Amino acid sequence: MECGSYQLLKKSSQCKARLGKVYTTRGIIDTPVFMPVGTQGTVKGVANEYLQSSGAQIILGNSYHLYLRPGTEIIKASGGIQKFNSWDRPMLTDSGGFQIFSLNDIRKIEENGAEFQSHIDGSKHFFSPEKSIQVQKDIGADIIMCFDECTPYPAMYDYAKNSMELSLRWAKRCKDEFYKDDAYAKQALFGIVQGSVYNDLRKISAQEMVNTGFTGYAIGGLSVGEPKEDMISVLENTVPLLPEDKARYLMGVGMPEDLWECVQRGIDMFDCVIPTRNGRNGQVFTSHGKINIRNAEFRKDFTALDPECSCPTCIGYSKAYLNHLVRAQESLYLSLLSLHNIYFMINLMTKIRKSLESDTFLETKKEFFEKYYSRTRSEKIWIKFLVCWRFF
RNA sequence: GGGGGUGUGGCAGAGUGGUCUAAUGCACCAGACUGUAAAUCUGGCGGGCUUGCCCUUCGGUGGUUCAAAUCCAUCCGCCCCCA
């Protein structure tokens with residue numbers, strides 16, 4: 001099987017959700033899948049052994065960050081990123097496109113590419129589509145991404161259009177660069193659909209990307225601050241334009257509730273920093289909703305974070321102890337909470353896949369949401385809950 | 001016994017006539033985080049409500065003044081040095 005190719009196993013009879021597999025050089029990924037983010041070649045705070053025990057099938061790395069440090073020379077010399085970081089399951093690298101968005105103040109975009117100032121030492125670097133592909137080839141992940149501009153939100157129509165068209169031209173250059181040598185035998189290149197919240201732009205982008213032809217298709221530029229309804233609308237209008245026999249990857253999403261909504265609309269792959277970042281900030285996902293373990297209410301709560309979780313954190317430690325670790329700024333909590341959140345996401349995706357196998361996606365979703373929003377009675381959460389219901 | 005210093009919100013610590021409910025840090029109470037410039041950031045932290053104002057606060061008491069955390073008197077507590 002060609003690296004990055006998608007096999008559709010089963011379609012939900014209830015919605016656009018689908019069960020499948022993505023084949024890569026280093027293994028087969030069951031989809032829908034959640035990919036923990038490991039920007040610098042490590043999922044922050046979580047050792048490989050634990051990451052594997054969580055059931056994580058594939059993790060992300062970031063070209064821009066790895067290019068700056070340790071540098072592609074070292075990664076190449078080590079035998080590729082997965083020799084370097086000892087992660088033997090599949091990996092995907094982002095192109096640096098997201099850094100065009102997030103390093104807003106220290107970059108300049110032009111037709112040929114983007115000039116960045118290193119956030120580490122201020123030195124100037126230029127990423128063209130060709131450069132990004134070369135870097136990603138040197139890093140050596142199984143799936144690599146086109147260099148794009150992650151259009152900021154809000155974006156005026158004209159800006160979004162120009163940005164989307166630039167990403168299209170860059171995508172073609174990425175493809176040319178990618179197929180220049182035989183790297184494609186081991187790696188797969190995914191294209192990225194842009195167009196902000198404008199469905200006509202999304203349509204053009206999707207059609208053009210498909211015409212250009214990629215092994216898989218990502219939807220980028222979402223979950224950057226737009227209303228949730230806009231994200232859903234974009235998915236409902238864009239996903240049907242993508243070929244059924246290719247993987248669909250929604251970049252940067254998301255929260256547990258988002259995963260349900262987006263799988264329902266036909267997404268196969270997700271990545272998000274949320275489980276690890278929130279873990280480092282004390283916020284924990286549980287089957288009964290998210291909690292901030294730092295809060296006073298947990299000082300004397302000697303039960304586990306989530307009674308339904310069997311991660312090492314939940315097996316070994318109480319909320320009261322984790323609350324203490326956070327308050328005392330003991331570094332152990334960074335790992336324990338990140339690990340739990342990763343388990344939560346991975347378990348959630350397993351639950352989703354099982355529901356697709358038995359074709360009970362919507363029932364399982366409803367069950368999840370009822371429990372997930374049961375803990376808090378706050379008005380805000382209930383409004384969110386009702387908004388989610390609208391999509392049934 | 002003599003000399004000097006000091007007492008400020010939970011803690012540390014600024015402030016030495018009005019712009020003081022009183023800087024700043026910590027602690028505390030919450031919130032946010034979506035292809036990671038994030039172990040980060042934001043808000044709150046005397047009381048009351050009609051959210052603009054009112055009331056109560058800088059060891060105690062009394063005073064000076066239009067006005068006192070700030071000046072004076074006195075009392076109380078603590079610290080240092082000399083005997």
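Everything numeric here is computed off the predicted structure, so don't read it as measured data. Lettering of chains follows the sequences in order, A, B, ..., and the numbering in each one begins at 1.
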Counting only Watson-Crick or G-U wobble pairs whose two distances fall under 3.5 Å, which nucleotide matches [N]?
N       : answer
rC33(B) : none
rA14(B) : none
rU19(B) : none
rU64(B) : none
rC78(B) : rG5(B)

State whether a side-chain donor-acceptor pair under 3.5 Å links [X] with [Y].
X       : Y       : value
Y343(A) : S53(A)  : yes
H324(A) : Y333(A) : no
T212(A) : E208(A) : no
R265(A) : N237(A) : no

Practice task
May I ask you to verify if any side-chain N or O of R327(A) is less than 4.0 angstrom from the OP1 or OP2 atom of rC26(B)?
Solution key: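 No.
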
Practice task
Would you mind classifying the nucleic acid contact of R107(A) as base, sugar-phosphate or nothing, using non-hydrogen atoms under 4.0 angstrom?
Solution key: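 Touches nothing.
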
Exercise for the section: Answer with base, sugar-phosphate or nothing: what part of the nucleic acid does R69(A) contact at a heavy-atom distance below 4.0 Å? Expected result: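 If one applies the 4.0 Å heavy-atom cut-off, R69(A) turns out to touch nothing in the nucleic acid.
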
Practice task
Just jot down the side-chain contact (heavy atoms from CB on, under 4.5 Å) partners of R280(A), sequence neighbours excluded, or say none.
Solution key: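 Residues passing side-chain contact (heavy atoms from CB on, under 4.5 Å) with R280(A): K44(A), T276(A), R277(A), L334(A), S338(A).
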
Practice task
State which residue, out of L241(A), I219(A), V239(A), fulfils the side-chain contact (heavy atoms from CB on, under 4.5 Å) condition with R202(A).
Solution key: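 Considering L241(A), I219(A), V239(A), a side-chain contact (heavy atoms from CB on, under 4.5 Å) with R202(A) is found only for I219(A).
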
Exercise for the section: Would you check if P32(A) and M269(A) make a side-chain contact, meaning some heavy-atom pair closer than 4.5 Å? Expected result: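 A side-chain contact is absent here, since even the closest heavy-atom pair is not under 4.5 Å.
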
Practice task
Taking the side chain as every heavy atom from C-beta outward, state whether M91(A) and L60(A) have any pair of such atoms under 4.5 Å apart.
Solution key: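 Not touching, per the 4.5 Å side-chain cut-off.
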
Same-atom distance ([atom1]) from [N] to [M], integer angstrom:
N       : M       : atom1 : result
rG13(B) : rG52(B) : P     : 38 Å
rG47(B) : rC41(B) : C1'   : 30 Å
rC20(B) : rA37(B) : P     : 41 Å
rA23(B) : rG62(B) : C1'   : 31 Å
rC11(B) : rC58(B) : C1'   : 16 Å
rU16(B) : rC78(B) : P     : 28 Å
rG18(B) : rC33(B) : P     : 45 Å
rA14(B) : rG48(B) : P     : 32 Å

Practice task
Verify side-chain hydrogen bond (donor to acceptor under 3.5 Å, both in side chains) between E177(A) and Q134(A), making sure each step is shown before the conclusion.
Solution key: CA-CA 8 Å; E177(A) 183 66 24; Q134(A) 285 157 14; 3.0 Å; yes

Exercise for the section: Enumerate the residues from residues 123-138 of chain A whose closest heavy atom to RNA chain B is under 4.0 Å, giving them by residue number; use none for an empty result. Expected result: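 Heavy-atom cutoff 4.0 Å gives no residues at all.
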
Exercise for the section: Show your reasoning for whether ring-ring contact (aromatic ring centres under 6.0 Å, His included) applies to F270(A) and Y249(A). Expected result: CA-CA 6 Å; F270(A) 301 89; Y249(A) 162 29; 8.4 Å; no

Exercise for the section: Do nucleotides 33-43 of chain B as a string where each nucleotide becomes B, S or -: B if the base has a protein heavy atom under 4.0 Å, S if just the sugar-phosphate does, - if no protein is that close. Expected result: BBBBBBBB---

